[in-house]
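What follows is a set of notes on a single structure, which appears directly below.
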Amino acid sequence: MLAECYKNGTGVSKDPLTALKLYQRAADQGHAGAQLNLGIYHSRGIGVPNDATKALEFYKKAAEKENLPSALHNLGLCYRDGLGTSRDPVIALKYFEQAAIQNHWGASYEAGCCYRDGEGVICDINKALKYFQAAADGTGHAGACLEAGMLLGGYRTPQENITSPIKRNRQLAFKYLLIAAEDGDFEGQYQVARCYERGEGVPSDIVSAVHWYRQSAESGHPQSQYRFAVLTENGDGTTRNINEALKYYEASANKGVAEAQFRMAEIYSVGNFSKVETPDIPIAMSYYHQAANRGHSGAQNVLGNMYFSGKGGVQRDVNVAFSYLTLSAEHNIAESQYRLGVLYETGEGTETNMEKAVELYRKAANQNHPEAQRALGMCFERGDGNLKKNEIEAFGLYDLASKQGLPSAIVNLARCYEEGVGTEKNVHKSLELYQKAAEMGDAHAQFNLAAMYERGEPVGYVEINHNIALKFYERAALQGLAAAMFNYAVMLETGQGSKEPDEAKAIEWYVKASNEGISAAQVNLARRYEYGDGVKKDIDVAVQYYHKAANRGDAHAQNVLGTYYKSGKVVQRDAITAASFFQLAANQGLVDAKYRLASLYEQGEGVKQDYSTAIELHRQAIEEGNHMGSKIALARIYHHGVDGIPADIELSLELYRSAAEEGNATAAYQVANALEKGDVQRALSTSENETFQIPTEDFETAIDYYQMAAEQGLTIAKFRLAVIFLEGRGDIAASPENGVSLLIDASHEGLTEARIRLAECYEYGIGIEKDIAKAVEWYKTASDADPVARRKVESLSSQVTTGRYIYHSVRKWFGNSPSPPPQSPSSASSPTPTSPTLQLGSFASRWFKSG
């Protein structure tokens with residue numbers, strides 16, 4: 001046909017327009033072939049405007065005229081794709097099948113695709129395979145060969161409604177795939193490479209696999225680029241070439257292959273790979289996120305763990321971690337299941353759910369994940385979630401995890417042998433396991449061993465060895481174990497395990513332990529800054545450290561802050577805040593805090609005055625810690641009685657006596673004073689029959705208690721002893737010389753009454769040689785506080801001048817209760833929290849003055 005010659009350039013120059021005119025003439029005469037070609041010209045816009053509708057008309061004419069298979073095939077394409085007509089897959093398939101019957105292999109291929117995909121018909125992969133094989137066997141149609149090979153090899157994922165699967169034939173599949181590959185189909189090349197790599201349908205041949213991967217990769221096939229990069233990186237079937245590997249990893253990743261994106265993330269995380277010489281975390285994170293978003297479970301697991309731990313260049317975010325770990329755990333990734341279990345157990349990123357945690361631990365443990373085995377073991381040991389407590393099961397899980405070399409599981413196993421949990425006690429085995437875990441670098445094992453060698457426990461198995469203890473504390477501390485940091489600092493400070501103390505280094509480790517939240521370290525630093533011990537004194541810094549420790553629940557820090565806010569000397573005075581800190585410490589059972597809180601209830605400072613609560617707190621402080629301050633305070637309350645609380649002299653003196661026997665000078669003085677005045681007998685008489693009897697003094701015992709108080713330096717006790725020795729009491733003869741000796745001590749300590757009495761002794765020569773000049777000197781020292789002393793100075797001064805001496809009657813001291821001496825500036829400072837007896841002394845003095 002002449003039109004064909006002009007169309008193809010056969011015997012003449014190729015001339016599409018002349019061919020078009022000739023086809024038009026023939027088509028007008030009803031020539032089916034010309035009508036088919038006119039349809040093609042109109043569909044492609046060759047010599048005429050592109051017009052799919054006209055193309056469809058010409059295809060129909062050709063099909064109706066002679067049922068041409070190519071016309072039927074093209075009609076099928078028009079109805080399949082909606083070209084020149086509405087899309088109709090059913091009509092499309094009808095035309096494809098009509099053409100296929102006439103051995104149109106392209107139509108056979110299209111019909112196979114319809115049956116494969118369920119387009120215009122119910123999905124039927126067997127019919128699809130029939131059409132694909134027909135086309136493949138007919139002319140070696142590359143697409144048909146690929147599809148036939150994919151179906152026969154089981155490489156094509158079937159639709160869910162497939163009821164009659166194809167029987168696999170990998171050898172025949174490879175035959176078809178190889179035809180497609182050799183025809184240049186890059187998907188076929190990829191599939192052939194996989195067959196060679198896996199030995200499916202053909203003997204395994206990694207060199208041939210590399211060859212076909214390379215062919216496909218160079219054509220831009222994303223999966224081939226990834227597999228070729230893997231083999232090239234590892235030098236499998238080819239020479240190792242990381243530069244080429246990186247090139248194809250990157251190309252594949254940029255086309256959305258999740259595995260390639262994940263590998264690129266790993267490369268940029270570590271560096272030292274081809275041109276990626278150093279890590280680049282932002283790029284790595286970008287690739288991780290790309291891979292995770294494409295469903296790569298490994299990337300989801302990595303991101304989940306990074307956000308869980310806050311490592312790898314990201315901030316810790318348990319909510320994001322929970323999302324990624326959930327996705328990864330659904331793909332049965334054991335590490336993600338374990339981490340997700342931890343989040344459910346701790347309630348981070350989700351609500352606490354121990355049942356769910358146990359379920360996830362079990363799934364991961366069944367995959368031999370050692371940390372999950374350990375975690376599940378701990379759940380069995382405690383009976384968490386829906387588990388019944390089972391120490392034997394726990395021991396078994398610890399054993400499984402330890403056999404995989406998990407140091408923390410070895411520590412659990414060591415503890416089981418140490419305490420007999422789930423097995424018989426075996427101290428030797430326990431020590432052996434602790435030693436093993438410690439040498440493997442487990443910080444907790446190192447800490448436990450250090451503590452054992454520091455204390456020499458268990459007795460009979462471990463001897464005290466501070467050198468070894470220091471070594472293991474240091475190892476654990478360097479790994480960031482906070483408790484080890486503190487203990488290491490203590491040993492450095494004391495010099496245990498080393499030649500001499502190293503205070504500077506100890507302070508460094510106290511700071512590190514403090515930063516990790518160890519309240520004992522914070523208190524240690526607070527005291528150092530409070531007193532300038534090893535650091536520059538800075539009370540503001542001290543307060544900050546006390547607050548840190550108090551916020552972490554340290555009762556001693558809370559108690560100290562309470563005293564600060566009570567006194568107002570370090571911070572602004574705030575009795576309410578003081579009471580709240582004392583209450584926090586008291587709630588933890590700190591005895592001194594109960595005493596101080598009781599004092600606030602007594603005084604109504606920061607709390608509503610409540611003597612009943614004060615008494616109860618004092619009682620607890622005495623019962624729980626034999627607190628001296630509370631004994632004195634209760635004794636004072638019961639001595640006088642307060643609103644709603646009647647006096648109970650017997651109980652008061654019992655408390656004073658108990659405190660005195662424990663060395664409290666104030667209490668000893670109060671007992672002595674009562675014995676001297678007969679208050680003890682009065683108390684007993686009143687409590688027995690409520691009748692008043694004449695008191696019976698006990699001067700000998702009173703002297704013993706005065707002596708007890710005087711030996712501890714209580715000035716008023718020295719004075720009372722002096723009076724007794726000067727005047728005598730009952731059957732006790734006077735001893736003026738001893739009395740004067742005590743008066744001299746008390747006078748030098750500033751007691752006005754003692755100075756006046758000593759002046760009188762010099763004036764009248766009682767127990768010492770008479771000396772008016774010295775009498776005047778001592779009267780002068782008391783003249784500012786006592787008008788009698790001033791008058792004495794005036795009268796005696798003139799007598800010393802004129803040599804005359806006028807007798808003055810001696811004042812009677814017996815029965816008088818002197819006032820306590822005024823405090824010197826040095827003794828007027830507020831007592832520290834750790835020395836309550838100083839404060840108690842002032843209480844007792846006020847008590848005595850009112851008595």
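Separating the CG atom in Leu387 from the SG atom in Cys379 is a distance of 6.5 Å, to the nearest 0.5 Å. Going from atom CD1 of Ile410 over to atom OG of Ser402 covers 6.0 Å, rounded to the nearest 0.5 Å. A distance of 12.0 Å separates CG in Leu303 from CG in Asp317, rounded to the nearest 0.5 Å. For the atom pair Ile206 CD1 and Leu231 CG, the distance stands at 4.5 Å (nearest 0.5 Å). Asp205 contributes atom CG, which lies 12.0 Å from atom SG of Cys195 (distance to the nearest 0.5 angstrom).
The number of heavy-atom neighbours closer than 6.0 Å to NZ of Lys471, taken from other residues, nucleotides and ligands shown, is above 12. Annotation: His369, atom NE2; neighbour count of heavy atoms from other residues, nucleotides and ligands within 6.0 Å is above 12. Counting heavy atoms of neighbouring residues, nucleotides and ligands inside a 6.0 Å radius, atom NZ of Lys255 exceeds 12 of them.
Looking at Tyr176 and Met150, their side chains never come closer than 4.5 Å, going by heavy atoms from C-beta outward. The shortest distance between side-chain heavy atoms of Thr352 and Tyr344 does not fall below 4.5 Å. Between Phe228 and Val210 the shortest side-chain heavy-atom distance falls below 4.5 Å. Residues Phe380 and Leu397 are in side-chain contact: their nearest non-hydrogen atoms beyond the backbone lie under 4.5 Å apart. The shortest distance between side-chain heavy atoms of Leu83 and Leu77 does not fall below 4.5 Å. Proximity of Tyr338 to Leu360: side-chain heavy atoms (C-beta onward) are nowhere separated by under 4.5 Å. Two residues are said to be in side-chain contact when any heavy atoms from C-beta on lie closer than 4.5 Å; Lys175 and Leu172 meet this criterion. Put simply, the side chain of Ile40 reaches to within 4.5 Å of the side chain of Asn74, judged on heavy atoms.
Aromatic ring pairs are classed by plane angle as parallel below 30°, tilted from 30° to 60° and perpendicular above 60°; the pair His221 and Phe186 is perpendicular. Ring orientation note: the planes of Tyr109 and Phe132 are tilted relative to one another, at an angle of 30° to 60°. In this structure, Tyr488 and Trp509 have perpendicular ring planes: the angle between them is above 60°, well past the 30° mark. Note on ring orientation: taking the six-membered ring where Trp is involved, the planes of Tyr196 and Phe174 are perpendicular (angle over 60°, cut-offs 30° and 60°).
A donor and an acceptor atom, one from each side chain of Arg240 and Asn234, are nowhere located under 3.5 Å apart. Using modelled atom types, one finds no donor on one side chain facing an acceptor on the other under 3.5 Å when comparing Gln337 with Tyr361. A donor-acceptor pair shorter than 3.5 Å can be found between the side chains of Gln479 and Gln446. In this structure, a donor-acceptor pair under 3.5 Å is present between the side chains of Asn412 and Arg374. Side chains of Gln215 and Tyr190: no donor on one and acceptor on the other come within 3.5 Å. At a cut-off of 3.5 Å, with distance as the only test, a side-chain donor of Asn332 or Gln367 sits close to an acceptor on the other residue. Between Glu330 and Thr326, the side chains place no donor N or O within less than 3.5 Å of an acceptor N or O (distance only, hydrogens not considered). Residues Gln404 and Gln373 bring a donor and an acceptor atom of their side chains to less than 3.5 Å of each other. Counting only N and O atoms by type, the side chains of Ser336 and Asn301 include a donor and acceptor under 3.5 Å apart.
A salt bridge links Arg382 to Glu345: one of the charged nitrogens lies within less than 4.0 Å of a carboxylate oxygen. Under 4.0 Å is where a charged nitrogen must lie from a carboxylate oxygen, and between Glu119 and Arg87 at least one such pair does. With respect to Glu508 and Lys505, no salt bridge is recorded, no charged nitrogen being found less than 4.0 Å from a carboxylate O. Between Glu233 and Arg263 a salt bridge is recorded (basic side-chain N to carboxylate O distance below 4.0 Å). Salt bridge present: Glu147 and Arg116 bring a charged side-chain N and a carboxylate O closer than 4.0 Å. For Glu351 and Lys356, the salt-bridge test fails: no basic side-chain N is under 4.0 Å from an acidic carboxylate O. The existence of a salt bridge linking Lys363 and Glu359 is confirmed by a sub-4.0 Å separation between a basic side-chain nitrogen and an acidic carboxylate oxygen. Using a cutoff of 4.0 Å between basic side-chain nitrogens and carboxylate oxygens, Glu110 and Arg80 are scored as salt-bridged.
Taking both residues in full, the closest heavy atoms of Ser328 and Ser297 are given as OG-O, 3.1 Å, listed atom of the first, atom of the second, then distance. Contact record, Phe96 with Gly76: CZ-C, 3.4 Å, taken as the closest heavy-atom pair. Shown here for Ala483 and Ile518, the closest heavy-atom pair between the two residues is N-CD1, 4.1 Å. Summarising the geometry of Val257 relative to Gln223, their closest heavy-atom pair is CG1-NE2, 3.7 Å, with the distance given to 0.1 Å. The minimum heavy-atom distance linking Pro16 with Ile46 is given by the pair CB-CG2, 3.9 Å. In terms of heavy atoms, Ala484 sits closest to Ala476 at CB-CB, 3.5 Å.
The only member of Leu449, Asn448, Leu481, Val411 that meets side chain to side chain contact (heavy atoms under 4.5 Å, CB included) when paired with Asp442 is Val411.
Among pairs with a residue in residues 271-281, those fulfilling side-chain hydrogen bond (donor to acceptor under 3.5 Å, both in side chains) read Asn243-Ser274, at least two apart in sequence or across chains.
In this view, Ala299 and Phe262, Tyr288, Ala291, Ala292, His296 satisfy the side-chain contact (heavy atoms from CB on, under 4.5 Å) rule, not counting sequence neighbours. Every residue two or more places apart in sequence or in another chain was checked for a ring pair (Phe, Tyr, Trp, His ring centres under 6.0 Å) with Tyr155, and none qualifies.
Separation of the Phe447 and Tyr473 ring centroids falls under the 6.0 Å cut-off.
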Side chain to side chain donor-acceptor pair (under 3.5 Å) evaluation trace for Tyr213 with Gln189
CA-CA 7 Å; Tyr213 277 136; Gln189 293 167 341; over 6 Å; no
Apply the test side chain to side chain contact (heavy atoms under 4.5 Å, CB included) to residues Leu177 and Leu146: give CA-CA distance (whole Å), side-chain angles for both, the deciding distance (0.1 Å), then the verdict.
CA-CA 5 Å; Leu177 292 171; Leu146 175 65; 3.7 Å; yes
Report the C-alpha distance between Arg415 and Tyr434 in whole Å, list the side-chain angles of each, state the deciding distance to 0.1 Å, and finish with yes or no for side chain to side chain contact (heavy atoms under 4.5 Å, CB included).
CA-CA 8 Å; Arg415 179 177 53 77; Tyr434 277 134; 3.8 Å; yes
Derivation of the side chain to side chain contact (heavy atoms under 4.5 Å, CB included) call for Tyr287 and Glu250
CA-CA 10 Å; Tyr287 277 119; Glu250 189 170 17; 4.2 Å; yes
Show the numbers, then the answer: is there a salt bridge (Lys or Arg N to Asp or Glu O under 4.0 Å) between Glu244 and Lys247?
CA-CA 5 Å; Glu244 194 168 25; Lys247 168 187 169 183; 5.4 Å; no
Step by step, work out the side chain to side chain contact (heavy atoms under 4.5 Å, CB included) result for Tyr115 and Cys123.
CA-CA 5 Å; Tyr115 278 104; Cys123 179; over 6 Å; no
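Stacking of Arg316 on the aromatic ring of Phe308 is recorded, both the 6.0 Å distance cut-off and the 45° axial limit being met.
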